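Following: one structure in structure tokens, then a few remarks.
By convention in this document, chain letters (A, B, ...) are assigned in the order of the sequence lines, proteins followed by strands, and residues within each chain are numbered from 1. Reckoned from all heavy atoms, side chains included, excluding hydrogens, waters and symmetry mates. Keep in mind the model is a prediction, meaning the values are calculated, not measured.
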There are 2 protein chains.
Amino acid sequence: MEDDVTEGAATQRRTRARGDRSRSRILERAAALATLEGLEGLSVGRLAEASDMPKSSVYQLFGSKEGIQLATIEAARDSFATEVVLPALAATPPGRERLLALCDGFLSYVERRVFPGGCFFVGAAAEVGGRPGPVRDRVAQAQGEWRDLLLAEACAAAERDELPVHADPSQVAFELGTMLAGTNILSVLHDDTDVITRAAVAVRARLGVASG
Amino acid sequence: MEDDVTEGAATQRRTRARGDRSRSRILERAAALATLEGLEGLSVGRLAEASDMPKSSVYQLFGSKEGIQLATIEAARDSFATEVVLPALAATPPGRERLLALCDGFLSYVERRVFPGGCFFVGAAAEVGGRPGPVRDRVAQAQGEWRDLLLAEACAAAERDELPVHADPSQVAFELGTMLAGTNILSVLHDDTDVITRAAVAVRARLGVASG
């Protein structure tokens with residue numbers, strides 16, 4: 001009897017682990033797909049096809065298209081943190097150096113096409129910005145976190161007198177964030193790496209750092 | 001017989017005029033819809049429903065979804081010219097003053113929601129940037145015209161010594177264009193007019209004009 005319970009628990013754990021792996025695999029595919037075909041393209045059927053899973057499994061894991069969309073946003077947020085935010089936080093002190101690392105990290109993430117259609121959140125914001133609902137709210141929240149991070153580091157830089165004289169940290173953060181988003185769009189649309197170089201120059205101009 | 005021919009021609013003209021009006025009405029609706037639901041949402045059925053026309057008429061006018069998408073891009077290009085480009089060209093001489101008028105015109109067009117989901121071309125570029133084909137090509141071409149216009153006026157401003165010292169006109173045009181595109185995304189996503197004010201400040205900083 002005790003053996004049965006132990007074996008039952010082990011089976012449950014294995015099933016759950018398999019479910020988690022399926023879930024991660026599907027969401028990775030979903031996030032990539034969303035940058036090419038939009039969050040609106042993430043139907044149960046399309047995602048089953050793209051991730052080579054039965055429809056019933058996709059449905060069981062996420063329930064609905066909106067369930068898929070919300071879970072995909074979380075997965076993409078994790079990727080963004082891993083690719084852009086955490087490396088900058090780990091490698092630099094607060095202030096201008098960190099702001100520079102965040103911006104360069106973003107440009108590298110766009111240039112390396114971590115997502116095949118460019119930054120997940122720029123694409124998602126452009127797609128769902130005009131459509132009120134939980135998906136837009138979650139995208140706006142994630143975008144707001146990035147905006148707040150740039151702002152916090154710009155403020156830290158100002159406190160340390162690291163910004164050009166008379167620079168307003170809110171304005172610096174705004175200009176960096178919008179310019180980076182616009183760069184992502186141009187980079188994908190024209191499949192152009194020249195814009196990445198120009199953006200790096202712009203970042204340095206805003207921060208008063210010499211271009212390398 | 002001659003009367004018959006004349007009458008036939010008049011009927012043909014009336015039919016054509018009616019067709020042109022239907023076409024314009026449908027395309028106006030299509031461009032607005034695309035900024036909320038994407039170019040991908042412009043199916044024959046959806047557009048028939050949104051413009052209160054029979055499916056058969058929509059099909060007869062445009063043939064296919066791609067036909068609708070390409071015609072919608074042309075119509076949006078005309079709106080953009082009427083709303084942003086032509087007023088600036090008419091009111092200002094080449095150079096910095098015109099560049100300022102183009103940027104302010106763009107911001108006003110975003111703020112007034114000429115299209116309910118913000119700038120048609122920022123949305124379209126973000127949506128189809130990663131999907132090669134005639135639709136992406138046409139969007140890239142229209143975006144390129146705007147980029148080239150900003151560049152031409154930045155060069156005219158540089159020739160007239162109207163830019164801040166050491167400013168590279170290509171870099172100025174790039175920074176204005178990307179910042180304006182990013183502003184459009186934030187303005188729609190957060191339904192925020194504060195970003196329009198920040199963008200106007202940024203434009204003036206890049207051009208070396210005092211903020212009003």
- Tell me, for A:Arg198 versus chain B, whether the close heavy atoms (under 4.5 Å) come from the side chain, the backbone, both or neither. both
- Item | Partner residues of A:Pro87 under the side-chain contact (heavy atoms from CB on, under 4.5 Å) criterion, sequence neighbours left out | none
- With a 4.5 angstrom heavy-atom cut-off, which part of A:Ser170 approaches chain B: side chain, backbone, both or neither? both
- Query: Quick one: of B:Met179, B:Arg206, B:Arg136, who has the most non-hydrogen atom pairs under 4.5 Å with chain A?
  - Reply: B:Arg206
- Note on the structure: Note: vs chain A, highest number of non-hydrogen pairs under 4.5 angstrom among B:Ala140, B:Ala205, B:Ala199, B:Gly130 is B:Ala140
- Task: Give the minimum heavy-atom separation between B:Ala202 and A:Gln171, together with the two atoms involved.
- Result: N-NE2, 3.4 Å
Side-chain polar contacts of residues 53-64 of chain A - donor-acceptor pairs under 3.5 angstrom, sequence neighbours left out - could you list them?
from    : atom 1 : to      : atom 2 : distance (Å)
A:Ser64 : OG     : A:Glu66 : N      : 3.4
A:Ser64 : OG     : A:Gly67 : N      : 3.0

- Message: Applying a heavy-atom distance below 4.5 Å, give me the residues of residues 181-195 of chain A that approach chain B, sorted by number.
- Response: A:Ala181, A:Gly182, A:Thr183, A:Ile185, A:Leu186, A:Val188, A:Leu189, A:His190, A:Asp191, A:Val195
- Just checking heavy atoms, which of residues 107-128 of chain A are less than 4.5 Å from chain B? A:Val122, A:Ala125, A:Ala126, A:Glu127
- Message: Check this for me: A:Glu28, atom CD, are more than 12 non-hydrogen atoms of other residues, nucleotides or ligands nearer than 6.0 Å?
- Response: no
